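Model, not experiment: these values are computed from the prediction. Proteins come first, then strands; the chains are lettered A, B, ... in the order of their sequence lines, and each starts at number 1. Just so it is clear, the values below take in all heavy atoms, side chains as well, and ignore hydrogens, waters and symmetry mates.
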Amino acid sequence: MTGTARSLLDLGDLGFEQGAHLLVQRALETLPPGAELAVAGLDPALVVHLEAWCRGKGHRALRAEENDEGVRATVTRGRTDLDRWARAERAGRPEPGGIVASPDPSWGLAARGALVEPGGPPLNADLVERDLVWAELAPSLYAHAASAQWDPATAIGWDAEVALAPEIERAVVQIMTFLVENEQAALVVPARLLARIHPHFREVLQLLAVQAADEARHVEIFTRRALLSSGEMGTSSVSGRESLATLLTEPDFSLASFLLSVLGEGSFLNLLTFIDRNAPDPVTRQVARMARQDEARHVAFGVAHLQHQGKVDPTLLGRLRGAVEQRHQTLVSSAGLNQDVFDALVLLAAGEWSPSGIRRGYAAVQELQEEMDQGRQHRLVRLGFPADEAAELSALHTRNFM
Amino acid sequence: MTLLMGAVAYDPKVVTIWGGFRSWLNEHGCPFDFVLYSNYERQAEDLASGRIDAAWNSPLSWIRSRRLAEANGRTLTPLVMRDTDRDLTSVIVVLADSPYKDLADLRGETIAVGAVDSPQATLLPRSFLAEHGLREGAEVELRRFDVGVGLHGDHIGGERDAARALAAGKVAAACMIDSNHLLFGKEGTLSAGSTRVLAQTPPYDHCNMSVGDTVPEQTKRNFGELLLSMSYVDPQVRPLFDLEGLTSWRPGRVSGYGALERAVDETGFYSAEGTVTAQGYRP
Ligand SMILES: [Fe+2]
Ligand SMILES: [Fe+2]
């Protein structure tokens, strides 16, 4: 050939059993298909291995005649490596602004923004639309959540002296037992949802993962407080578990997030404030306070996500209303809150078994329920419900709080 | 008509590969199905007798089914082959620090080969050695490593065991296909640089898609053209090609089977009519 200098690669004494193919590959990458690469080298098995390697990669190797340059073979570049990436596409762009409305399920677990070889098994996820799962707030909420993680072993002063009257201690144990049950529901729901979301919406997965981790800590600290003095847990009623079971069975991401985060965890914010305010000992106060910090974030994401969705889906409010009504119907014959829990909350606020104390405690729990109702109405209005409808829906919320 | 192809189940991936090809071909207007065989001999017989329309044949079962078919006045066509089936070689390998400088030095020694029915690790190297004056049972002894007998060497176990015997110093040399010498060096069965290629056979061809005369000419042509049109660019095709070890289909040819035909005749592996005459061969 005239005019073009033939490319030459000298492998020295490097053999194919020691990685020589990497140098050959690198040299071929700079050449167009059909171009030739002369390969020189000293490894005795070089030509045998080069031929076998080229055959498998879609290149052709031709053994060289005796020559002065030490060239052992000439490789004609194939196009298999190029063909593999011919139809590759970017899975959006890496930053949150680069998410796409409908990521291809076959992108699977690929990093957002990666160059994705087409093909491969489609992801087994059914939440694959931006408007179903996304909230603009997700990236900053995740960053905040990640920075606000705390260690249950050190965040709570477990050594503080706790010496309560036995009946008050029993009331604390009962409340903690109830909280653990609810936290377990709050752990399972986001964990299930996140496995159904396309990883393209990475920040939502991250946020839900941290949320599940938050709940794992809540389960731990409430359990630990329950067992602190008595070493025994309280009761779990059928009605409480019935109420939580309806959260676990809601398959729709928005509806599940609405029932759990906006209504349930929203009500829990008031409950945890109540426990903080009426805690008979510092450990009880601290566990309620630490959990409350996290819950506020969970509620914020639930509200932000539904606000985002409400903008693009005019049917959302109707569906949310339907979800509350349906859950109410399912639970209409259920007692709702475990009577032991209600009584324990009264005693906690009373602090003693005197008639005046009980009057005080009972009024405090009624006030708590009023606060919860106000809080729910407030959040429903933020989602776009008119005030009267918000009041009506709030009243249908489960008596079990969560 | 649905074109029915036989394939030998030498590995579970065979189901994935041919199931994938089946879907692709059906989607592209070629009714196609496959049946699996436990060994090549029954498949060769069924292809030759017209019980199946086509077979994904090892080079050895190509030879046998062709001989059986022709003995009955029928014809088979090697329709397509993988690009990676063309111009393979086998190598005779010795330890790097052994005294053997060329083939003649192996006189009086024992050489490891693969399974009795392996074209690349037994039949072709044995014929090649004999051609160079090293006849089995006369100038050299062959130690066979019979793994996956009936699979015509598709199972890599025999070649790997032969390589291990060489590494352990139990034999003077071992025979294997060129790509497996590279593989064994990379995976450590033979430590890098510990062996030397003493000799290399001339190039030969490997598997092909053999089609019988039960298939109408038009169907055969469509089938061949469709296969040749399969592209590595196609995301549905690429994983199948990767699994089956090809980057494109190429037209079939018989020019690469001469050495194996001779090897089969020299040892009487099959008769001219395709009867199994090899001693001690129980697929
Ligand atoms: Fe929680
Ligand atoms: Fe929560």
Item to complete: May I ask you to decide if the ring planes of B:W24 and B:H28 are parallel, tilted or perpendicular, using 30° and 60° as cut-offs?
Response: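 Because their plane-to-plane angle is under 30°, the rings of B:W24 and B:H28 count as parallel.
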
Practice prompt. Identify which of B:V93, B:L246, B:D242, B:L190 forms the greatest number of heavy-atom pairs closer than 4.5 Å to chain A.
Written response: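 Of B:V93, B:L246, B:D242, B:L190, B:D242 has the most heavy-atom pairs under 4.5 Å with chain A.
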
Answer yes or no: is there an ion pair linking [X] with [Y], defined by an N-O contact shorter than 4.0 Å?
| X | Y | result |
| --- | --- | --- |
| B:D87 | A:R63 | no |
| A:R84 | A:D81 | no |
| B:E187 | B:R160 | yes |
| B:K101 | B:D105 | no |

Worksheet item: Between B:T122 (side chain) and B:V113 (backbone), is there a donor-acceptor pair under 3.5 Å?
Response: no

Discussion item. Under a 3.5 Å distance rule, please check whether A:H59 uses its side chain to pair with a backbone N or O of A:R77 as donor and acceptor.
Written reply: no

Worksheet item: What part of A:P44 is in contact with chain B, defined as an atom under 4.5 angstrom from a non-hydrogen atom: side chain, backbone, both or neither?
Response: neither

Fill in: chain A-proximal positions within residues 226-236 of chain B [heavy-atom distance under 4.5 Å]
B:Y232, B:V233, B:D234, B:P235

Fill in: side chain to side chain contact (heavy atoms under 4.5 Å, CB included) partner of A:L9, the single match among A:L37, A:V75, A:V71
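Only match with A:L9 under side chain to side chain contact (heavy atoms under 4.5 Å, CB included): A:L37.
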
Worksheet item: Do A:L11 and A:D43 come close enough that some side-chain heavy atom pair is under 4.5 Å?
Response: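 No, side chains not in contact.
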
Discussion item. Can you tell me which of A:R87, A:R55, A:E17 forms the most heavy-atom pairs within a distance under 4.5 Å of chain B?
Written reply: A:R55

Given a strict heavy-atom distance threshold of 4.5 Å, which part of [X] is in contact with chain A: side chain, backbone, both, or neither?
| X | answer |
| --- | --- |
| B:L88 | both |
| B:R82 | neither |
| B:R196 | neither |

